[in-house]
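To start, the structure under review is shown below, and the notes come after it.
Quick note on labels: first sequence line is chain A, next is B, and so on, each numbered from 1. Quantities reported herein were computed from a predicted structural model and do not represent experimental measurements.
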There are 2 protein chains.
Amino acid sequence: MGASKTTLFQPEQNNLATMAKALSHPARIAILEYLAKSKTCICGDIVDELPLSQATVSQHLKELKNACLITGEIEGPKVCYCINVKAWKQGKEMISQFMQSITDTCC
Amino acid sequence: MGASKTTLFQPEQNNLATMAKALSHPARIAILEYLAKSKTCICGDIVDELPLSQATVSQHLKELKNACLITGEIEGPKVCYCINVKAWKQGKEMISQFMQSITDTCC
DNA sequence: TTCTTTAATTGTAATATTACGATGAATATA
DNA sequence: TATATTCATCGTAATATTACAATTAAAGAA
């Protein structure tokens with residue numbers, strides 16, 4: 001197989017899993033950290049920062065964009081990436097509530 | 001490839017990614033929710049609860065155990081699974097701090 | 001127009017993940 | 001001892017992920 005049966009679970013469970021999947025690679029964690037601290041956010045800067053090829057970085061950026069965690073605006077030949085603050089805060093809330101609810105309910 | 005180059009990133013980034021990966025499947029979210037609310041925690045109950053085969057559930061339980069998020073104690077022919085409260089709280093703290101730090105640092 | 005820069009996309013390979021049937025190991029019960 | 005129950009593991013198949021070289025596309029500069 002290889003494909004998860006998302007139709008068999010609750011939307012909330014799928015949303016959580018999708019968010020977690022976006023954060024499930026150290027390169028994407030590093031990208032998010034760099035975007036947060038950097039003011040420039042230009043793609044090339046991220047490639048310089050990470051020990052990965054341009055193609056691979058682009059792929060990770062695409063996944064973060066698919067998960068709505070970042071935005072990418074074209075500026076001439078360059079692309080300026082940014083944290084999607086609104087979506088990020090929503091995701092943060094969703095994960096925090098989930099993790100708290102486990103400890104609240106648990107043992 | 002298919003294997004992520006974990007040696008090229010910070011341990012903290014790898015820890016975060018590993019934790020997120022454990023949460024990146026709706027079945028594992030569902031298992032954690034069920035373990036939290038259930039008092040019994042017997043593996044067979046989880047299989048009954050989820051729309052997946054026994055072998056698949058066992059595989060997901062193994063991953064959660066590898067990530068130290070749950071424990072499994074043998075009770076005769078049965079196995080009693082439980083949230084690893086200590087590790088869970090640590091993970092919760094790690095993720096919360098990371099997500100907060102992004103919004104703090106960001107834009 | 002031609003060249004350069006920037007970043008996405010394509011093609012390809014290696015490995016990981018997801019899923020399940022079948023089997024095996026361990027314990028309890030008849 | 002034989003049988004049933006419970007769960008892990010093995011084998012296998014389909015799909016996803018990760019990574020990079022090469023190419024393409026788009027915009028700006030010479």
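A 4.5 Å side-chain heavy-atom check between Leu69(A) and Met19(A) finds at least one atom pair inside the cut-off. For the pair Leu23(B)/Leu23(A), no side-chain contact is recorded, criterion being any heavy-atom separation below 4.5 Å from C-beta on.
The distance from the CD1 atom of Ile46(A) to the OG atom of Ser38(A) is 7.5 Å, given to the nearest 0.5 Å. Taking CD1 of Ile31(B) as the reference point, atom CG of Leu50(B) lies at 5.5 Å (rounded to 0.5 Å). Here Gln54(B) contributes atom CD and Asp48(B) contributes atom CG; the two are 11.0 Å apart, rounded to the nearest 0.5 Å. One distance of note links CG of Leu61(B) with OG1 of Thr56(B); it measures 11.0 Å at 0.5 Å rounding. Met99(B) contributes atom CE, which lies 8.0 Å from atom CD1 of Ile102(B) (distance to the nearest 0.5 angstrom). Atom OH in Tyr34(A) sits 4.0 Å away from atom CG in Asp45(A) (nearest 0.5 Å).
For the segment residues 16-23 of chain B, the set of residues with a heavy atom within less than 4.0 Å of an atom of DNA chain D is empty.
When heavy atoms are screened at a 4.0 angstrom cut-off, Leu61(B) is found touching no nucleic acid atom at all.
Nucleotide dA28(C) holds its P atom 13 Å from the CD1 atom of Ile42(B), rounded to whole Å. Between Leu64(A) atom CG and dA8(C) atom C1' the separation is 15 Å, expressed in whole Å. Atom CG in Leu8(B) sits roughly 14 Å away from atom P in dT18(D) (whole-Å rounding). At whole-Å resolution of the value, CG in Asp45(A) and C1' in dT6(C) are 11 Å apart. Whole-Å rounding puts the Asn14(B) CG to dT18(D) P distance at 13 Å. Protein atom NE2 of His25(A) is 15 Å distant from nucleotide atom P of dT15(C), rounded to whole Å. Rounded to whole Å, atom C1' of dA7(C) lies 7 Å from atom OH of Tyr81(A). If you measure from atom CD1 of Ile29(B) to atom C1' of dT18(C), you get 16 Å, rounded to the nearest angstrom.
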Scan the side chains in residues 72-87 of chain A for donor-acceptor partners under 3.5 Å anywhere in the protein, sequence neighbours excluded, and list what turns up.
residue: Asn84(A); atom: OD1; partner: Ala87(A); partner atom: N; Å: 3.3
residue: Asn84(A); atom: ND2; partner: Cys68(A); partner atom: O; Å: 3.2

Pairing annotation in dot-bracket form, given for DNA chain C with Watson-Crick or G-U pairs under 3.5 Å and | for cross-strand partners:
||||||||||||||||||||||||||||||

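Surrounding NZ of Lys89(A) are at most 12 heavy atoms belonging to other residues, nucleotides or ligands under 6.0 Å away.
Applying the ring pair (Phe, Tyr, Trp, His ring centres under 6.0 Å) test to pairs two or more places apart or on separate chains, those with a residue in residues 39-61 of chain B are His25(B)-His60(B).
Heavy-atom nearest nucleotides on DNA chain C were determined for Ala27(B) and for Lys65(A), and the one closer to the 5' end corresponds to Lys65(A).
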In B/S/- notation (B base, S sugar-phosphate only, - none; protein heavy atoms under 4.0 Å), nucleotides 20-30 of chain D written 5' to 3' is BB-----SS--

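Considering only side-chain atoms of Cys43(B), the nucleotide from dT18(C), dA8(C), dC7(D) that sits closest is dC7(D).
Listed by chain and residue number, nothing satisfies the side chain to side chain donor-acceptor pair (under 3.5 Å) test with Ser58(A) (two or more places apart in sequence, or in another chain).
When the side-chain nitrogen and oxygen atoms of His60(B) are compared with OP1 and OP2 of dT17(C), none of them lie within a distance under 4.0 Å.
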